[in-house]
J.: 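Below is the structure I would like to discuss, written out as structure tokens.
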Amino acid sequence: VHGSMQNLVATLRGHDGPVWQVSWAHPKFGTGALLASCSYDHKVIIWQESSPNSWSQMYTASSHSSSVNSIAWAPHEFGLLLASASSDGTVAVLTHDFAGKTWNTSQFEAHQIGCNGVAWAPASGSAPMRLASAGCDNVVGIWSFDVDAGSWKREATLEGHTDWVRDVAWAPAPAGSTSLLATCSQDRSCILWTQPAPGQPWAKVQTVQLPDAGWRLSWNVVG
């Protein structure tokens with residue numbers, strides 16, 4: 001993009017169905033840009049820019065058995081990790097092993113009917129990694145990573161929507177230990193949730209009515 005002009009510099013081909021979402025990795029990883037994409041074809045592809053406007057497939061993940069609806073890179077403090085949410089009801093987390101130059105997959109059941117969205121909590125000191133998932137069962141799942149068990153555990157279930165939860169977004173800059181989460185739904189509403197401190201109950205603090213179904217959310221990264 002130069003001023004008001006947009007020029008197509010590359011077309012990435014590799015998926016066999018509609019591509020639902022793309023996401024850039026933090027620039028600290030690798031010598032070239034990294035981009036992830038997810039698709040109806042059940043696949044997640046990680047692309048690497050080896051030279052300006054020259055892209056290749058770095059890795060293709062095919063652990064999901066249905067459409068992959070959402071992807072999200074973890075905060076860079078956790079390393080090079082990518083979460084994906086699928087209509088098969090699972091969330092998968094890809095972790096890059098820099099020493100072995102491989103990708104490892106951890107996958108867990110999140111929502112019985114299907115999963116539409118996934119978001120990472122901001123990194124906060126020594127707190128464990130946390131995820132939020134948006135489900136077709138009308139609820140939001142909060143998950144934390146148990147280092148000792150090496151697996152993801154359900155921390156809380158947020159109930160408040162009356163139809164599919166389409167997306168979930170964690171506020172990027174928590175106020176102290178407080179967590180702030182936003183969700184949107186097929187029920188034409190957006191809900192804001194807060195948790196005063198880890199381990200304490202979540203509370204619904206505000207519901208905003210939308211003119212139509214809410215499909216995607218994003219926070220202003222500067223506050």
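If you read the sequence from its start, that first residue is 1, and numbering goes on from there.
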J.: Determine which pairs satisfy side-chain hydrogen bond (donor to acceptor under 3.5 Å, both in side chains) with at least one residue from residues 197-210, sequence neighbours left out, and list them in order.
T.: none
J.: Is there a side-chain contact between Val139 and Leu158 (heavy atoms, below 4.5 Å)?
T.: no
J.: Work out which heavy atom in Cys184 is nearest to a heavy atom in Arg216; give both atom names and the distance.
T.: SG-N, 3.8 Å
J.: Please give me the minimum heavy-atom distance between Val22 and Leu35, naming the atom from each residue.
T.: CB-CD1, 4.2 Å
J.: Strictly by modelled atom types, are His42 and Ser67 linked by a side-chain donor-acceptor pair under 3.5 Å?
T.: no
J.: Using a 4.5 Å cut-off on heavy atoms from C-beta on, say whether the side chain of Trp193 contacts that of Thr183.
T.: yes
J.: Consider only side-chain heavy atoms of I, L, V, M, F, W and Y, link residues closer than 4.5 Å, and tell whether Leu131 and Phe78 are in one cluster.
T.: yes
J.: Do the side chains of Val147 and Met129 join up, straight or via other hydrophobic residues, at under 4.5 Å, putting them in one cluster?
T.: yes
J.: Between Trp164 and Cys136 (side chain of the first, backbone of the second, donor and acceptor by atom type, cut-off under 3.5 Å), is there such a pair?
T.: yes
J.: Under 4.0 Å between a side-chain nitrogen and a carboxylate oxygen: does that hold for Arg188 and Asp163?
T.: no
J.: Can you measure from CG (Leu81) to CH2 (Trp120) and round to the nearest 0.5 angstrom?
T.: 4.5 Å
J.: How far apart are the C-alpha atoms of Lys43 and Val68, what are their side-chain angles, what is the distance that settles it, and do they pass the side chain to side chain contact (heavy atoms under 4.5 Å, CB included) test?
T.: CA-CA 7 Å; Lys43 294 188 295 186; Val68 185; over 6 Å; no
J.: Please test Gln112 against Asp137 for side chain to side chain contact (heavy atoms under 4.5 Å, CB included), starting from the C-alpha separation and ending with a verdict.
T.: CA-CA 7 Å; Gln112 289 187 352; Asp137 50 5; 5.5 Å; no
J.: Which other residues end up in the same hydrophobic cluster as Trp20, if Ile, Leu, Val, Met, Phe, Trp and Tyr are linked when side-chain heavy atoms come under 4.5 Å apart?
T.: Tyr40
J.: Taking the six-membered ring for Trp and the single ring otherwise, decide whether the centroids of Phe98 and His96 are under 6.0 Å apart.
T.: yes
J.: Side chains of Arg154 and Thr157 only: does a donor on one sit below 3.5 Å from an acceptor on the other?
T.: yes
J.: Could you report the tightest heavy-atom contact between Leu217 and Cys190, atom names first, then the distance?
T.: CD2-SG, 3.9 Å
J.: Going by atom types alone, do Thr90 and Glu109 pair a side-chain donor with an acceptor below 3.5 Å?
T.: no
J.: Checking Arg130 against Ser124: is there a side-chain donor and acceptor pair closer than 3.5 Å?
T.: no
J.: Which atom pair, heavy atoms only, marks the closest approach of Ala33 to Trp55?
T.: O-CZ3, 3.7 Å
J.: Using side-chain heavy atoms (C-beta onward) and a distance below 4.5 Å, is Val118 in contact with Val168?
T.: no
J.: With rounding to the nearest 0.5 angstrom, report the CD1 to CG distance, Ile46 to Leu94.
T.: 5.5 Å
J.: Using only atom types and a distance under 3.5 Å, with no angle test, would you say the side chain of Ser39 pairs donor to acceptor with the backbone of Pro18?
T.: yes
J.: Can you see whether Ser70 engages Gln21 through a side-chain donor-acceptor pair at a distance of less than 3.5 angstrom?
T.: yes
J.: Does a donor on one side chain sit under 3.5 Å from an acceptor on the other, for Asn69 and Ser87?
T.: yes
J.: Shared ILVMFWY cluster between Trp143 and Phe145, side chains joined below 4.5 angstrom?
T.: yes
J.: Members other than Val9 in its cluster, when Ile, Leu, Val, Met, Phe, Trp, Tyr link by side-chain heavy atoms under 4.5 Å?
T.: none
J.: Restricting to non-hydrogen atoms, name the atom on Leu210 and the atom on Gly214 that form the minimum distance, rounded to 0.1 Å.
T.: CD1-CA, 3.8 Å
J.: Nearest 0.5 angstrom please: Gln195 CD to Leu181 CG, how far?
T.: 10.0 Å
J.: Between Gln107 and Asp88, does a side chain to side chain contact (heavy atoms under 4.5 Å, CB included) hold up when you go through it step by step?
T.: CA-CA 11 Å; Gln107 195 160 344; Asp88 64 14; 4.2 Å; yes
J.: With a 4.5 Å cut-off on side-chain heavy-atom distances among I, L, V, M, F, W and Y, is there a chain of contacts connecting Val140 to Val205?
T.: no
J.: Counting only N and O atoms by type, is there a donor-acceptor contact under 3.5 Å from the side chain of Asn53 to the main-chain atoms of Ala10?
T.: no
J.: Answer yes or no: is there a side-chain heavy-atom contact under 4.5 Å between Leu80 and Trp103?
T.: yes
J.: Run the side chain to side chain contact (heavy atoms under 4.5 Å, CB included) check on Phe29 and His76 step by step: do they pass?
T.: CA-CA 9 Å; Phe29 299 108; His76 67 87; 3.9 Å; yes
J.: How long is the span from the CE atom in Met58 to the CD atom in Glu49, to the nearest 0.5 Å?
T.: 13.5 Å
J.: Going only through I, L, V, M, F, W and Y residues with side-chain contacts under 4.5 Å, is there a path from Ile142 to Trp152?
T.: no
J.: Quick one: closest heavy-atom pair of Val91 and Ser133, and the distance?
T.: CG2-CB, 4.2 Å
J.: What is the distance from atom CD of Gln186 to atom CG of Asn116, rounded to the nearest 0.5 Å?
T.: 9.0 Å
J.: Between Ser37 and Trp47, is there a side-chain donor-acceptor contact under 3.5 Å, judged purely by atom types and distance?
T.: yes
J.: Under 3.5 Å, is there a donor-acceptor pair between the side chain of His64 and the main chain of Ser66?
T.: no
J.: Supply the atom-to-atom distance Ile113 CD1 to Asn138 CG, rounded to the nearest 0.5 angstrom.
T.: 7.0 Å
